[in-house]
Student: 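Quick one: the structure is below, and I'll ask about it shortly.
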Amino acid sequence: MSLATILLACDVLATGMIAGFLAMYCLTIGRYFTFMVRTGQADVLQRTYSEFRRRTRLKPVYDLIMLLQLLIALVALVACWSTGSLSLVPAVCCLPILLLVHGLTGFTRPEERLASGQSLTDAELSRYLRLNIPLHVIYACVYAAAMLALLIPRLP
């Protein structure tokens with residue numbers, strides 16, 4: 001098996017794992033976070049989740065996994081560049097798109113403040129409620145589409 005094939009398999013796996021994680025976020029913990037905020041229990045969520053997040057070093061682990069997918073996608077793209085494989089480009093674009101949309105929508109601040117136990121204004125809570133699930137559905141779809149773009153040209 002060639003190095004390019006191994007890198008492509010790793011790219012598919014990493015991109016697919018992020019797509020799956022984001023889909024499950026939309027179905028489970030993301031809905032739970034939204035429920036807690038919507039029912040006026042953001043303080044309970046913040047007390048428990050921020051401690052869990054801190055003790056388990058969840059944020060650096062999450063950040064590392066997201067970055068690892070990007071790095072794998074970049075290495076696979078470079079390794080396969082001579083084959084003219086443009087189908088690898090979407091996997092490289094996923095994280096930059098996510099970060100850009102997060103920033104442009106103003107979602108970064110309320111999400112981080114909620115997860116880290118910091119106080120939020122009513123406007124930030126409203127923005128969180130309005131954007132949490134829709135944005136994560138979009139991100140899950142972007143990662144899933146990127147994974148399909150990696151696979152479809154290689155199907156028999």
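For this chain, numbers begin at 1 and follow the sequence in order. These values consider heavy atoms only, across backbone and side chains, with no hydrogens, waters or symmetry-generated copies.
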Student: Distance check, rounded to the nearest 0.5 Å: Thr48 atom OG1 versus Met36 atom CE?
Tutor: 6.5 Å
Student: For the residue pair His136 and Phe107, does the interplanar ring angle fall in the parallel (under 30°), tilted (30 to 60°) or perpendicular (over 60°) class?
Tutor: perpendicular
Student: CG/Leu148 to OG1/Thr15 distance, rounded to the nearest 0.5 angstrom?
Tutor: 10.5 Å
Student: What's the spacing between Leu120 CG and Glu112 CD if we round to 0.5 Å?
Tutor: 10.5 Å
Student: As a test of understanding, state which of Arg54, Arg53, Arg55, Arg47 forms a side chain to side chain donor-acceptor pair (under 3.5 Å) with Glu51.
Tutor: Arg55
Student: Go through the structure and list residues passing salt bridge (charged side-chain N to carboxylate O under 4.0 Å, His left out) with Arg113, not counting sequence neighbours.
Tutor: Glu124
Student: Tell me whether Val89 shares a hydrophobic cluster with Leu151, the cluster being built from Ile, Leu, Val, Met, Phe, Trp, Tyr side chains joined at under 4.5 Å.
Tutor: yes
Student: I need the Leu98 CG to Leu135 CG distance, nearest 0.5 Å.
Tutor: 8.5 Å
Student: In this structure, would Leu8 and Ile72 fall into the same cluster of hydrophobic residues linked by side-chain contacts under 4.5 Å?
Tutor: no
Student: With sequence neighbours excluded, tell me which residues meet side chain to side chain contact (heavy atoms under 4.5 Å, CB included) with Leu67.
Tutor: Leu70, Leu71
Student: Do Tyr32 and Tyr62 share a hydrophobic cluster, counting only Ile, Leu, Val, Met, Phe, Trp and Tyr and linking them when any side-chain heavy atoms are less than 4.5 Å apart?
Tutor: yes
Student: Hydrophobic clusters here meaning ILVMFWY residues chained together by side-chain heavy-atom distances under 4.5 Å, can you tell me if Tyr139 and Leu27 are in one?
Tutor: no
Student: Which heavy atom of Ala79 sits nearest a heavy atom of Leu7, and at what distance?
Tutor: CB-CD1, 3.4 Å
Student: So if you build clusters from Ile, Leu, Val, Met, Phe, Trp, Tyr with side-chain heavy-atom gaps below 4.5 Å, do Val101 and Leu95 land together?
Tutor: yes
Student: Is it the case that over 12 heavy atoms from other parts of the model lie below 6.0 angstrom from the CE atom of Met66?
Tutor: yes
Student: Quick one: closest heavy-atom pair of Asp11 and Ala91, and the distance?
Tutor: OD1-CB, 3.6 Å
Student: Report yes or no: does Ser126 contribute a side-chain atom to a donor-acceptor pair with the main-chain N or O of Asp122 at less than 3.5 Å?
Tutor: no
Student: Describe, in one word, how the ring planes of Phe52 and Tyr49 are oriented to each other, choosing from parallel (under 30°), tilted (30 to 60°) and perpendicular (over 60°).
Tutor: tilted
Student: Enumerate the salt bridge (Lys or Arg N to Asp or Glu O under 4.0 Å) contacts for residues 60-70, please, sequence neighbours excluded, ordered by first and then second residue.
Tutor: Lys59-Asp63
